[in-house]
**Student:** 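Have a look at the structure that comes next, please.
First the proteins, then the strands, lettered A, B, ... as listed; each starts at 1. These figures come from a predicted structure and were not determined experimentally.
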Amino acid sequence: MAAPEAPARGLHCLARSFYARDSLEVAPELLNALVVAGQRVGRIVEVEAYRGAEDPASHAYRGRSRRNATMFGPPGHLYVYFSYGNHWCANAVCGEDGVAMAVLLRAISPVAGVEEMWAARPAARRLRDLGSGPGKLCQALGIDRRHDGADLVTGDRGVRIMTDGTASPPQPGNGSRVGISTAQDRPWRWWVPGDPNVSRPASGGAGRKWPGKP
DNA sequence: CCGCCGATCTTT
DNA sequence: AAGATCGGCGGG
């Protein structure tokens with residue numbers, strides 16, 4: 001029997017082998033996956049790839065430090081760092097053990113536990129304020145220092161990345177990464193076209209325009 | 001909607 | 001001294 005495509009599958013966790021590849025390959029495939037943190041669930045709508053020793057914009061470019069140690073560990077773990085003295089940001093560690101590659105989770109669309117997200121983000125006014133940025137996403141999901149090194153495959157600290165069968169977009173938005181001053185020529189940001197939770201329109205000339213804008 | 005700027009921790 | 005950010009404030 002030829003089962004038609006996209007049968008209703010249950011939720012399942014992305015496997016270790018999914019992450020054990022180059023971050024450039026993993027990043028666009030994480031679009032439309034789900035971050036599950038306790039009761040709270042968000043769909044990933046924007047990511048950026050970082051590539052350690054070959055990437056001047058990566059925290060790992062100059063080698064291992066106390067902060068970035070998780071990036072050098074095995075794939076499928078969460079690298080959480082403190083940014084600008086104010087915010088937490090979360091990455092999925094990729095590549096083989098010892099290779100410092102990661103995918104920064106930049107934006108989510110709220111799916112479940114939305115009341116808890118509002119409570120965690122008192123500054124939010126509109127729904128898209130809950131997860132439209134790497135710091136906002138962590139605050140909405142309750143991710144902080146305690147989650148640095150968490151295993152996304154076993155869910156040892158309550159955080160997992162799962163799929164509900166929704167494929168990543170065949171033609172994702174793509175452009176240069178946000179907030180960096182070097183390596184702006186590398187178009188290593190991807191997003192779900194048209195999603196209102198994406199943090200910013202394309203910039204830097206490397207990518208396609210914001211969907212629906214001139 | 002847009003731009004400026006301060007907050008305040010980590011690494012160089 | 002700069003950085004993988006955000007929110008409050010002012011102006012259009």
**Student:** Mind checking A/F82 for me? I need base, sugar-phosphate or nothing, with any heavy atom below 4.0 Å counting as a touch.
**Tutor:** sugar-phosphate
**Student:** With a 4.0 Å cut-off on N to O distance, would you call A/D148 and A/R157 a salt bridge?
**Tutor:** no
**Student:** Check this one for me: any side-chain N or O of A/S83 less than 4.0 Å away from OP1 or OP2 of B/dT10?
**Tutor:** no
**Student:** In whole Å, what is the span from the CD1 atom of A/I143 to the C1' atom of C/dT5?
**Tutor:** 16 Å
**Student:** Rounding to an integer number of Å, can you tell me how far A/R62 CZ sits from C/dA2 C1'?
**Tutor:** 11 Å
**Student:** Rounded to whole angstrom units, what separation is found between the CH2 atom of A/W88 and the C1' atom of C/dG7?
**Tutor:** 19 Å
**Student:** Does the side-chain ring of A/Y81 lie flat on the base of C/dA4, meaning centres under 5.5 Å and planes less than 30 degrees apart?
**Tutor:** no
**Student:** Round to the nearest Å and state the distance from A/R145 atom CZ to B/dT8 atom P.
**Tutor:** 17 Å
**Student:** Can you check side chain to side chain donor-acceptor pair (under 3.5 Å) on A/Y19 and A/H77, steps first, answer last?
**Tutor:** CA-CA 9 Å; A/Y19 302 97; A/H77 289 250; over 6 Å; no
**Student:** Is the shortest side-chain N to carboxylate O distance from A/R177 to A/D55 below 4.0 Å?
**Tutor:** yes
**Student:** In this structure, how many angstroms lie between the C1' atom of B/dA7 and the NE2 atom of A/H87, rounded?
**Tutor:** 8 Å
**Student:** By nearest atom, which of the nucleotides C/dG7, B/dT8, B/dT11 is closest to the A/R66 side chain?
**Tutor:** B/dT11
**Student:** Nearest to the side chain of A/A123, which nucleotide is it out of C/dA4, C/dG8, C/dG3?
**Tutor:** C/dG8
**Student:** Can you measure A/R67 atom CZ to B/dC9 atom C1' for me and round it to whole angstrom units?
**Tutor:** 9 Å
**Student:** Could you tell me the Watson-Crick or G-U partner of C/dG10, where both distances fall under 3.5 Å? Say none if there is no partner.
**Tutor:** B/dC2
**Student:** Base, sugar-phosphate or nothing for A/R126? Non-hydrogen atoms, less than 4.0 Å.
**Tutor:** sugar-phosphate
**Student:** Starting from C1' on C/dG8, measure out to CG on A/N86 and report it in whole angstrom.
**Tutor:** 13 Å
**Student:** Using a heavy-atom cut-off of 4.0 Å across all strands, would you classify A/R121 as base, sugar-phosphate, or nothing?
**Tutor:** sugar-phosphate
**Student:** So does A/R189 get a side-chain nitrogen or oxygen closer than 4.0 Å to the phosphate oxygens (OP1/OP2) of C/dA4?
**Tutor:** no
**Student:** What integer distance in Å separates A/K136:NZ from C/dA4:P?
**Tutor:** 18 Å
**Student:** For a quick check of understanding: with a heavy-atom distance under 4.0 Å over all strands, which category does A/L104 fall into, base, sugar-phosphate or nothing?
**Tutor:** base
**Student:** Using a cut-off of 4.0 Å on non-hydrogen atoms, how would the nucleic acid contact of A/N91 be classed: base, sugar-phosphate, or nothing?
**Tutor:** base
**Student:** Any strand counts, and the cut-off is 3.5 Å on both contacts for Watson-Crick or G-U wobble. Which nucleotide pairs with C/dG3?
**Tutor:** B/dC9
**Student:** Hey, are A/R51 and A/D22 close enough for a salt bridge, meaning a charged N less than 4.0 Å from a carboxylate O?
**Tutor:** yes
**Student:** Are A/R145 and A/Y81 in a cation-pi contact, defined as NZ or CZ under 6.0 Å from the six-membered ring centre and within 45° of the axis?
**Tutor:** no
